[in-house]
Enquirer: 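Can you read through this structure? Questions will come right after.
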Amino acid sequence: MSPLSKKDLQRIFQKLDKNGDGLVSLEELKWLLETIGLLQFSLQELESLVGKPCLNLDEFLFFYDSISSNQKEEHVNVGNNINVVVVDEEIKEEEEEEESDLVKAFKVFDLNGDGFISCEELQKVLTRLGLWDESCGKDCRSMICFYDTNLDGMVDFEEFKNMMLHTIS
């Protein structure tokens, strides 16, 4: 998962908080997690995890930090040689899960399902997530071109995977 800045998270929170009461409901949080392909929870599971029916901004930021740090911890606990075989199997499983998560994330951006992310699709998704601001002057074409290794003007899954793995490390 690529880390998001506090400013990005605040914008996402504001977009989710449709009624402006300073709270994000579990339904809205569940929708976000499913939309970005991060986690699949029932509302009951999410409420038992979060411990309340809605989150304020600070709680939302804490929730993001906790799911981000859990993912980091899974990759750190490599110890003595006795566990090497188990770790190798776990790494294989993590890589398969990572690939599956990347496929889900790719599908979020590939709106028309053609196997490519176009500039228009990228801008629509970033806008929907509250991460696109036309006044900042960023151009989706330059963002696409940076990772478009076959120069077809779009990002295919392998290019997306390379981008995400490069961004994470």
Side-chain angles (χ1 to χ4, degrees), residues 1-17 24 27-41 46 49 60-78 84-169:
M1 172 174 27
S2 177
L4 296 171
S5 71
K6 186 173 180 178
K7 183 178 177 183
D8 290 337
L9 290 167
Q10 287 171 329
R11 288 195 311 208
I12 291 169
F13 182 87
Q14 288 171 345
K15 292 290 183 181
L16 288 174
D17 181 19
V24 170
E27 290 84 2
E28 293 164 328
L29 184 60
K30 181 179 184 312
W31 174 86
L32 174 66
L33 295 172
E34 289 174 353
T35 300
I36 61 176
L38 186 57
L39 299 169
Q40 296 281 335
F41 287 115
L46 194 55
L49 179 69
F60 179 76
L61 296 173
F62 180 78
F63 177 77
Y64 173 80
D65 286 341
S66 68
I67 63 173
S68 297
S69 66
N70 281 344
Q71 289 188 350
K72 289 175 193 166
E73 288 169 7
E74 291 173 8
H75 297 279
V76 173
N77 292 328
V78 177
V84 170
V85 174
V86 175
V87 171
D88 284 345
E89 289 176 21
E90 288 178 8
I91 289 173
K92 204 178 231 184
E93 288 176 14
E94 286 177 10
E95 287 174 352
E96 289 172 4
E97 278 184 42
E98 187 175 83
E99 180 90 11
S100 173
D101 290 344
L102 287 171
V103 168
K104 290 176 187 174
F106 182 82
K107 287 179 180 179
V108 169
F109 289 92
D110 182 17
L111 298 176
N112 64 7
D114 66 354
F116 300 96
I117 300 172
S118 68
C119 295
E120 295 78 19
E121 290 170 318
L122 177 61
Q123 186 171 347
K124 283 180 187 174
V125 174
L126 292 177
T127 300
R128 205 175 6 171
L129 292 173
L131 300 174
W132 179 258
D133 184 1
E134 302 220 6
S135 66
C136 69
K138 290 183 180 174
D139 180 15
C140 280
R141 292 200 194 292
S142 63
M143 293 167 74
I144 293 275
C145 287
F146 192 78
Y147 293 99
D148 179 21
T149 56
N150 64 4
L151 304 176
D152 63 357
M154 297 183 280
V155 173
D156 61 33
F157 178 72
E158 285 304 312
E159 293 165 332
F160 179 80
K161 181 177 165 182
N162 291 336
M163 173 190 68
M164 294 304 288
L165 294 176
H166 176 73
T167 303
I168 292 170
S169 57

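Values in this document were obtained by computation on a predicted structure and should not be read as measured data.
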Enquirer: Using a 4.5 Å cut-off on heavy atoms from C-beta on, say whether the side chain of Leu32 contacts that of Phe60.
Expert: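 Sidechains of Leu32 and Phe60: in contact.
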Enquirer: What heavy-atom pair brings Cys119 and Gly153 nearest, and what distance separates the two atoms?
Expert: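 What the structure gives for the nearest pair is SG-O, 4.5 Å.
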Enquirer: Heavy atoms, side chains only, cut-off 4.5 Å: are Leu61 and Phe13 in contact?
Expert: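 No, every pair of side-chain atoms sits at 4.5 Å or beyond.
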Enquirer: Is the closest side-chain heavy-atom distance between Phe109 and Val155 below 4.5 Å?
Expert: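 They are not in contact (no side-chain heavy atoms under 4.5 Å apart), so the answer is no.
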Enquirer: Calculate, to the nearest 0.5 Å, the distance between atoms OG and CG belonging to Ser142 and Asp148 respectively.
Expert: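 Rounded to the nearest 0.5 Å, the OG-CG separation comes out at 12.0 Å.
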Enquirer: Restricting to non-hydrogen atoms, name the atom on Met154 and the atom on Asp152 that form the minimum distance, rounded to 0.1 Å.
Expert: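 Heavy-atom minimum between the residues: O-OD1, 2.8 Å.
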Enquirer: With sequence neighbours left out, which residue pairs that include part of residues 109-120 fulfil the salt bridge (Lys or Arg N to Asp or Glu O under 4.0 Å) condition?
Expert: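 Listed by first then second residue: Glu120-Arg141.
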Enquirer: With sequence neighbours left out, what residues match Phe157 under ring pair (Phe, Tyr, Trp, His ring centres under 6.0 Å)?
Expert: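 Here the qualifying residues are Phe106.
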Enquirer: Which pair of heavy atoms, one from Val24 and one from Leu29, lies closest together, and at what distance?
Expert: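 That would be CG1-N, 4.0 Å.
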Enquirer: Does the side chain of Leu122 come within less than 4.5 Å of Met143's, by heavy atoms?
Expert: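 A side-chain contact exists here, since the closest heavy-atom pair is under 4.5 Å.
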Enquirer: Would you give the length of the straight line joining atom CG of Asp8 to atom CD of Gln10, rounded to the nearest 0.5 angstrom?
Expert: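 Rounded to the nearest 0.5 Å, the CG-CD separation comes out at 9.5 Å.
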Enquirer: Could you state the interatomic distance from CG (Asp156) to NZ (Lys161), rounded to the nearest 0.5 Å?
Expert: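 Going from CG on Asp156 over to NZ on Lys161, the span is 11.5 Å.
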Enquirer: Can you list everything that forms a side chain to side chain donor-acceptor pair (under 3.5 Å) with Glu27? Sequence neighbours excluded, please.
Expert: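 Counting only residues at least two positions away or on another chain, Glu27 forms a side chain to side chain donor-acceptor pair (under 3.5 Å) with Ser25.
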Enquirer: So, using side chain to side chain donor-acceptor pair (under 3.5 Å) as the criterion, who are the partners of Thr127 when residues are at least two apart?
Expert: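 Here no residue qualifies.
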Enquirer: Heavy atoms only: give me the nearest Leu111-Glu121 pair and the separation to one decimal.
Expert: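 The pair with the smallest heavy-atom distance is N-OE2, 3.1 Å.
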Enquirer: Would you say the side-chain atoms of Glu28 pair up with the backbone N or O of Asp17, donor to acceptor, closer than 3.5 Å?
Expert: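 Answer holds: no.
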Enquirer: Hey, what do you get for CZ (Phe116) to CD1 (Ile144), rounding to the nearest 0.5 Å?
Expert: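 Spacing of CZ (Phe116) from CD1 (Ile144) equals 11.5 Å.
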